Amino acid sequence: MRLIQEGYSCDYEMNIFINIFFSRDEEGEIKTFFSHTDDIIKVECIIDFEGETYNYLYEYPFKNSVEDKKIIKKIYGCACTKCFVKAAQKIRNIKLPWGVMSGIRPAKSVRQFHEQGKSFEEIKDILWDIYEVSPKKCDLAIKVAKNEEKILKRIKENSVSLYIGIPFCPSRCMYCSFVSTDIKNSGRYMDEFCSLLCKEVEKTGEIIKELGFSVQSIYIGGGTPTTLSEENLDKLLKSINKNINMSSVEEFTLEAGRPDTITKGKMEVAKRGNINRISINPQTMNEKTLKIIGRKHSIEDFYKAFKIAREVGFEVINTDLIAGLPGESFEDFKYSLDEIVKYNPENITVHSMCIKRAAALSFSGIELTGYDEMNKMLTYTQEKMDEIGKEPYYMYRQKNISGNMENVGYSGSDNMSLYNISIMEEIQTIIALGGGGSSKIVLGDRIERVVNFKEPYEYIRRFDEIIDKKEEIADFFRKG
């Protein structure tokens with residue numbers, strides 16, 4: 001579809017919604033005409049499609065007395081996308097539970113309104129009147145915002161968090177676009193990678209000490225960190241405990257991830273290494289789906305891994321599920337969620353299927369779950385979590401996410417992850433180590449990024465540059 005915008009352009013936001021209503025190979029033309037005069041925003045959208053013309057005129061009273069340019073930009077973009085959606089719904093009756101809200105962090109918008117002195121009831125009205133967010137999603141966004149506010153108060157002055165990326169997996173899932181390599185191809189680099197990673201940990205510890213920072217949380221992700229052997233995992237954890245002052249660390253998370261990589265020995269190593277949170281992620285509890293998506297574990301592997309983790313003494317376990325996996329119906333997803341609930345993990349994270357350009361799924365031709373079915377899955381999740389007393393505290397949305405939905409972390413009030421909020425809200429510096437790690441350096445209102453090399457071989461070959469990158473991070477703080 002060809003897009004023409006006059007008066008105001010917001011291509012990014014418009015294309016999110018164009019891709020919801022039209023496939024990539026469909027041809028047609030979309031025009032928007034924007035004006036803001038006499039305290040009225042007017043947008044007309046005309047869609048020419050398959051020999052027919054569809055149009056809609058949208059008007060919104062808005063005095064341009066707002067000083068915040070970001071808010072003005074949001075209002076203008078919302079007016080254009082809302083006008084387009086109204087016209088497009090004359091062609092296809094697609095319901096949008098999030099209305100025309102397109103941001104990654106809906107709860108952040110709620111918090112911003114609340115900080116401006118608006119009550120949560122007033123915010124509900126804003127979400128409906130301006131964005132047409134459904135009542136269910138309004139409730140979700142507000143609950144997340146309330147819990148975020150509590151967690152953000154826990155972030156300490158002069159604190160940082162660490163992310164340590166392990167870019168190895170037993171196999172590559174068809175939906176995956178993360179920094180990970182199949183150990184069949186990259187396993188030969190694992191020992192050397194781990195040895196150098198320990199040196200990066202040592203360098204990072206020196207810089208943190210020099211700058212007078214404390215470490216509040218550590219997250220070992222990937223990839224699948226438990227792809228490492230017991231020996232390499234033990235070496236890494238010993239290096240962390242030796243070089244980082246652990247007295248200030250509240251959370252130390254290991255994303256065990258794939259159940260087929262979890263052994264009693266590795267869990268015991270993790271426990272000795274002061275890990276206090278782990279993730280065991282089946283993604284689905286349906287064997288047929290595991291085969292489709294390229295997961296090499298079985299449902300029985302998940303049961304065994306969960307049991308091992310409990311026996312070793314882990315009291316905080318997260319499990320991930322994905323709504324909208326290829327071939328799964330609402331009943332399939334419901335079964336998975338109900339099965340997970342039986343095991344009572346402290347955290348349950350439900351992701352919506354998302355098509356990433358680098359993932360094999362984007363080239364497969366497999367049709368993803370429809371909007372109504374996705375909404376049904378996530379509405380059931382919201383209701384089920386409420387029923388068992390788990391609150392939503394962590395939420396983000398992505399481009400090309402199935403059904404234009406959301407990813408949400410649910411937990412009891414005592415086990416909400418500080419790291420998850422810190423990485424999402426970008427108000428605490430995250431120093432990243434390992435393969436593909438992306439450091440976010442928070443300097444007041446400014447954020448600087450320093451990115452490590454992705455591939456294990458590149459990380460090894462150019463390790464001197466990895467150390468230089470740590471000095472680059474330190475220099476941002478030295479210079480202020």
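Model, not experiment: these values are computed from the prediction.
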Using a 6.0 Å cut-off, check whether atom CD of E122 has over 12 heavy atoms from anything other than its own residue.
yes
Heavy-atom check, side chain of M353 versus side chain of E328, under 4.5 Å
no
If the threshold is 4.0 Å, N to carboxylate O, is there a salt bridge linking R154 and E251?
yes
Quick one: do E471 and R478 make a salt bridge, cutoff under 4.0 Å?
yes
What residues, two or more places apart in sequence or in another chain, satisfy side-chain contact (heavy atoms from CB on, under 4.5 Å) together with K390?
N344, I348, M385, I388, Y410
Identify the two heavy atoms, one from Y394 and one from V144, that lie closest to each other, and give their separation to 0.1 Å.
N-CG1, 4.0 Å
Nearest heavy atoms of A305 and I280, plus distance in Å
O-CD1, 3.8 Å
Are the ring centres of F477 and F213 closer than 6.0 Å?
yes
Residue set satisfying salt bridge (Lys or Arg N to Asp or Glu O under 4.0 Å) with E383, at least two apart, ordered chain then number -> K136
Would the distance check show the side chain of N281 and the main-chain N or O of D320 forming a donor-acceptor pair, the cut-off being under 3.5 Å?
yes
Between the side chains of K470 and E200, is the shortest nitrogen-to-carboxylate-oxygen separation below 4.0 Å, so that they form an ion pair?
yes
Between F463 and F453, is the gap from one ring center to the other below 6.0 Å?
no
Minimal heavy-atom distance between K74 and S109, with the atoms involved, is NZ-OG, 3.6 Å
Quick check on K384: does its NZ atom have over 12 non-hydrogen neighbours (other residues, nucleotides or ligands) under 6.0 Å away?
yes
Does CD1 in I427 sit with more than 12 non-hydrogen atoms of other residues, nucleotides or ligands closer than 6.0 Å?
yes
Can you give me the closest heavy-atom contact between P282 and L290, atom names plus distance?
O-CD2, 3.7 Å
Are the ring centres of F333 and Y380 closer than 6.0 Å?
no
For a quick test of reading the model, state the closest non-hydrogen atom pair linking A432 to N452 and the distance between them.
O-ND2, 4.1 Å
Write down the atom of N407, the atom of Q398, and the distance for their closest heavy-atom approach.
ND2-OE1, 2.9 Å
